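Each remark here refers to the structure printed beneath this line.
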Amino acid sequence: MTNEFPAPDPVPGPVAPLRARRVVLPPARQRAARPRSVRAREWIRQNLVPSPAGVLLTLVSLSVLIAVLGVAAWFTFSYANWRVVTDNRWLLFAGGFPHDGEWRLWVAFGFVFTLVGASYGMWSSLGRRDVLFMVPAGLFAVFMLAHGDAALWSTLWFLISAALLAVAYAAFRRIPREHGPTRTLAVRALGPVLALSVPIVFLVLMAGGGADSDELSGYLLNLLLAPAGIVGGLFVGIPLAIGRASRLRTISWTCTVYIETVRGAPLIGWLFVALFILGDIIGGDLIVRTMVVLAVFTGAYMAEYIRGGLQALPRGQYEAGHAVGLPYWRTLQLIILPQALRISIPPIVGQAISLWKDTALISIILPLRELIGSSRSAIAQGEFITNRIEIYVFAALMFWIIAFIMSRVSQRIERSLGVGQR
Amino acid sequence: MAQQAMSAPGGAPASARVPLLYRRRARRWFVELAYVALTVLAAIYVVSALGGREYGFGFLTQPAAFDIGNQWLVDFDGTTSSRLTIYLVGVWSTIRVVGVAIGLATLVGVVVGVARLSQNWLVAKSAMLFVEIFRNTPLYVQAVIWYAILLFGLPGIEQVVNVGDSFLLSNRGVAIPWPDPRVGLWGGPAWLAGSWFATLAIGAAVALRVRAVRQGQERETGEYRYPNRVAMTTFAVIAGASYLLLGMPVGIDRPIVEGTTYAQGMAVFPEFASLALALTVYTGAYIAEIVRASIQALPAGQTEAAKAIGLSGYQRLTLVVLPQALRQMIPSVTNQYLSANKNSSIALGVSYFDLFFVASIISNKIGHAVEVFFLIIVTYVVLSLIISGLMNIVNARVTLHQV
Amino acid sequence: MSTEQAASPAAGAVTSTSDDMIIVEHIDKWFGDFQALDDVSLTIREHEIVVVLGPSGSGKSTFIRCLNRLEEHDSGRIFVDGIELNDDVRNLNAIRSEVGMVFQQFNLFPHLSVMSNITLGPQKVRRMSRRDAEKLAMQLLERVGIPEQAQKYPAQLSGGQQQRVAIARALAMQPKIMLFDEPTSALDPEMIKEVLDVMRELAESGMTMIVVTHEMGFAREVADRLVFFDEGAVVEQGTPTHFFENPQEERTKLFLSQIL
């Protein structure tokens, strides 16, 4: 015990220890860059043919790759009958949405694109890779739109939306990155709109003689349900996480039971509840019940990730909050939650991607026809009964695009969180 | 001494006189009571809202009156058996498909995860492509595509593809050779086949024991004692000798086509195959990312040290990198196993009669949604507990050996 | 240590007067089966600088954390500026804004700029306007010598700078008492001086300060009184001269022989 005293510090005054500082010298001479051809050869040598075994590996993987790509190309360009997709465009994308309300779709589309552009300009910047992705995606969209009766109009609308995205991006890109009054103002303007974007889109689509809730289907329904579930999940998950970390036993215990129960059964089981049980408890449309189930389900997972963030924070942060005079709730709101949420952004985005993919499960047991359900109806019409591989591959692609974008955004956030903070 | 003067300066209130409203503990009690009251009220509301139904698990003992067809390893007729029995068959179907998928997904995951970090550009990029495609599309859509390919991409059973009379391939699935009890040299008592399988199990146990003993000797003396070779020989001798002694009671049945179905051998049907394939690839892609991340998390010094003592690339991987990464991976991989278990519930989408499909048929026929859901969630929780229990054992063993 | 020793007045001990700022009476603190504080009594006057010494695990940190109720004492009473620290939430809030605290690990809020770290308390607790709070923050940053760092984030500062921001943050609540819990222990040697200089200046300005530290130079030079803790009890206290030149207790001598 007694010999555990800390190292003595000579009295009085501080000591300036001798420490070698890191020394960096300026370059003394211009060094020549390696010629391009040498670099290319070097790259091939290191990456493709490092050794005899390496050559074999390259050849094997090359042949596998060629075989897979060959089958894919044969399927896409020779086997597949893509008319199953193009002929059913409206059914797949908008399902039962009334044709005379098409403008509503485009207004919502433009609104979302503007928000995407603004957020991108605000918090990130478009890189070469993003553009490389966006150009083919845009061309694909135009290709899908430029078929059929309203081809010209819908293409035009799409181009207008794309322009809105570009303008919003350019406008918000001009906001200085550092903290300042302009940035604060911009965050205060954009934040609430983002937070309310889901209800706004629902209003645009449904208010004043728009679509009825049972007319929402197709890809549109996936695009509506997933954000609703994600935002709702956050609203459910944050209090749950705080509750589970609470010192009050009854609260933490019930929150734990809730979280573990929800995570215990698969989503499809909870959709079963939405269909057969929840109606007696909360009533409402099936679509509303589905959203509630998605939010409740996602919330339990989000709660666990946020709790991870809460636990990752040192106790000193709570103590410092209290020492500054903030009561428990204010400490939580001003000090703890902003940091905990920031830490848990990557897994939360992961859960969002997961929910996005899970919206494909809805039409397995529910009579809601999202993209997969619509695909099934497209096949059931009879004309395309042999083309189910095509239509499901197309559906997979539609899911993939959004999931891929989300995973890229998540990687970007992870990278930007890695620097600076903590 | 100063401290003896007990009087509080400024007449501070004594704790006894603090109003209840301002006492921290009292406030906590109040919050807790209010919370409990609200929870109880909510529970009462839910119970009353669902009160109009008839409850009871009696329906489980009544005849199921539906057939779930023949699936891999199971051919079951539900017309006479009880609903509970047919539900348990569904549970068994879930266990089978999850078991197969977990095993294969681990294999796929390790291979692809290692490939992602390969020095070979082509290999690394192919692995990345695999992960990006299969992780970012819904499992259900993948399963449906596999199912469509198996069902519509393969020839009908009339034009069955026959590979050397051993493998049959058609849109009814794959049929493979399978061991089958038969009349041996000593005539036909059925227990001969059973006792040979039992002997195999004993042989395996003996072989493992031999291996452990030899490994111990190797550690003690430093001499080569060939634990693996000796153990395998032991097993082969026991298996072969008992096979002959019992009069060759087990043969291999080659599959044949009988009418519009497979007979003999073992048939793996498209329903099972598409679900298992989708689960394998999807879970495998996730495990690959875990493998990659845990290898990357190892300090670079480990690989450099292994290079420095002259290990080859393969040796570095299997002796230094993977064993360490494995320890890191187990919790995340366990989570993937648990997800795979729950994800298998998409079976309904490819007509595979897993526990959820069977349960939803029962509920469709007779209602009792609350009880059926209770049954479902309890079953999944039990399966999850089994998986995490097994993984805890694995984890304990791995950490024990490595430290 | 025994109560007898704790209560025995040593040379230079103070007597209770009307300007007593903190009165601690017979407090005990348990962590499970471990007694962290054993019948500790102490009175601290206004403007007094008290340095608390003791080996690791002697309860000195627990003691000053009890003074703003980051730890709740199990028995005994504590009065700060005439207000008792008890279960009453009003008292708690009143005391927390009167007692500033500086931690060993700084505990700055990493998601807020230096400026926001300092203005948070004044704005949210004292209800100060943003402009006033920022003016105050700039004054304090000048006082601790780093006005140019106001817009940076804590992670961009050196340890010494972070600790000076932490001091400014505590001062922004305009406290009557400052608690320092080993403020230099997490710092590299070359940064210790800059923090001690700020503390020295603060002491000269008349702040009531309780400092847990191992900086003997600072203790000897600045402290009005030294209090030596061992095994959860006050073993000996007195002026620096008394303490360093004529310690009475065996444990104190042992401690000093190890640390000097």
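Everything quoted here is computed from the prediction, not taken from an experiment. Below, chain A is the first sequence line, B the second, and so on; all start at residue 1. Below, each value reflects all heavy atoms present in this structure, side chains not excepted, and no hydrogens, waters or symmetry copies.
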Exercise. Between the side chain of A:Glu390 and the main-chain N/O of A:Asn81, is any donor-acceptor distance below 3.5 Å?
Worked result: yes
Exercise. Given a strict heavy-atom distance threshold of 4.5 Å, which part of A:Ser407 is in contact with chain B: side chain, backbone, both, or neither?
Worked result: side chain
Exercise. Under a 4.5 Å heavy-atom cutoff, which of A:Ile282, A:Val273, A:Ile353 has the most pairs with chain B?
Worked result: A:Val273
For this session: Mind ranking B:Pro138, B:Gly52, B:Ala49 by heavy-atom pairs under 4.5 Å with chain A and telling me who comes out on top?
Result: B:Pro138
Can you give me every donor-acceptor pair (side chain of residues 356-364 of chain A, partner residue at least two apart or in another chain, under 3.5 Å) with its distance?
from, atom 1, to, atom 2, distance (Å)
A:Trp356, NE1, A:Phe399, O, 3.0
A:Lys357, NZ, B:Arg135, O, 2.6
A:Lys357, NZ, B:Tyr282, OH, 2.9
A:Lys357, NZ, B:Tyr286, OH, 2.7
A:Thr359, OG1, A:Asn222, ND2, 3.0
A:Thr359, OG1, A:Trp356, O, 2.6
A:Ser363, OG, A:Glu370, OE2, 2.3
A:Ser363, OG, A:Gly373, N, 3.2

Seminar exercise, completed: Under 4.5 Å to a heavy atom of chain B? For A:Ile365 that would be side chain
Exercise. Is a side-chain N or O of B:Thr39 found less than 3.5 angstrom from the main chain of B:Tyr35, in a donor-acceptor match?
Worked result: yes
Exercise. Chain B heavy atoms under 4.5 Å from A:Arg247: which part of the residue, side chain, backbone, both or neither?
Worked result: side chain
Exercise. Checking A:Leu62 against chain B: side chain, backbone, both or neither under 4.5 Å from a heavy atom?
Worked result: both
Exercise. Quick one: what part of A:Ser375 sits under 4.5 Å from any heavy atom of chain B, side chain, backbone, both or neither?
Worked result: neither
Exercise. With respect to chain A, which residue among B:Val31, B:Val378, B:Val144 yields the maximal number of heavy-atom pairs within a distance under 4.5 Å?
Worked result: B:Val144
For this session: Would you confirm whether B:Tyr352, through its side chain, and B:Ser93, through its main-chain N or O, come within 3.5 Å as a donor-acceptor pair?
Result: yes
Problem set entry | Side chain / backbone / both / neither for B:Val370 at chain A, heavy atoms under 4.5 Å | both
Exercise. Does the A:Thr331 side chain pair with the main chain of A:Leu326, one donor and one acceptor, at a distance under 3.5 Å?
Worked result: yes
Seminar exercise, completed: All heavy atoms of B:Leu151 vs all of B:Asn171, minimum pair found to be O-CB, 3.2 Å
Exercise. Is a side-chain donor or acceptor of B:Gln142 paired with a backbone partner of B:Thr137 at a separation under 3.5 angstrom?
Worked result: yes
Exercise. Looking at B:Ile376, B:Val123, B:Thr379, which makes the most heavy-atom pairs under 4.5 Å with chain A?
Worked result: B:Val123
Problem set entry | Among the listed options A:Ser246, A:Gly264, A:Ala395, A:Ser354, the residue most often paired with chain B at heavy-atom distances under 4.5 Å | A:Gly264
Seminar exercise, completed: Applying a strict 4.5 Å limit to non-hydrogen atoms, the region of B:Phe373 in contact with chain A is both
For this session: May I ask you to check whether A:Phe133 and A:Phe404 place their ring centres under 6.0 Å from each other?
Result: yes
For this session: Name the region of B:Ser363, side chain, backbone, both or neither, that has any atom closer than 4.5 Å to a heavy atom of chain A.
Result: side chain
For this session: Any chance you could lay out the salt bridge (charged side-chain N to carboxylate O under 4.0 Å, His left out) test for A:Glu304 and A:Arg244, step after step, and finish with the verdict?
Result: CA-CA 9 Å; A:Glu304 280 302 271; A:Arg244 186 164 184 178; 2.8 Å; yes
For this session: Would you mind checking which part of A:Ile372 comes under 4.5 Å of any heavy atom in chain B, side chain (CB onward), backbone (N, CA, C, O), both or neither?
Result: side chain
Seminar exercise, completed: Shortest non-hydrogen pair, B:Ala340 vs B:Thr283, comes out as CB-OG1, 3.8 Å
Exercise. Where does B:Tyr45 contact chain A at under 4.5 Å (heavy atoms): side chain, backbone, both or neither?
Worked result: side chain
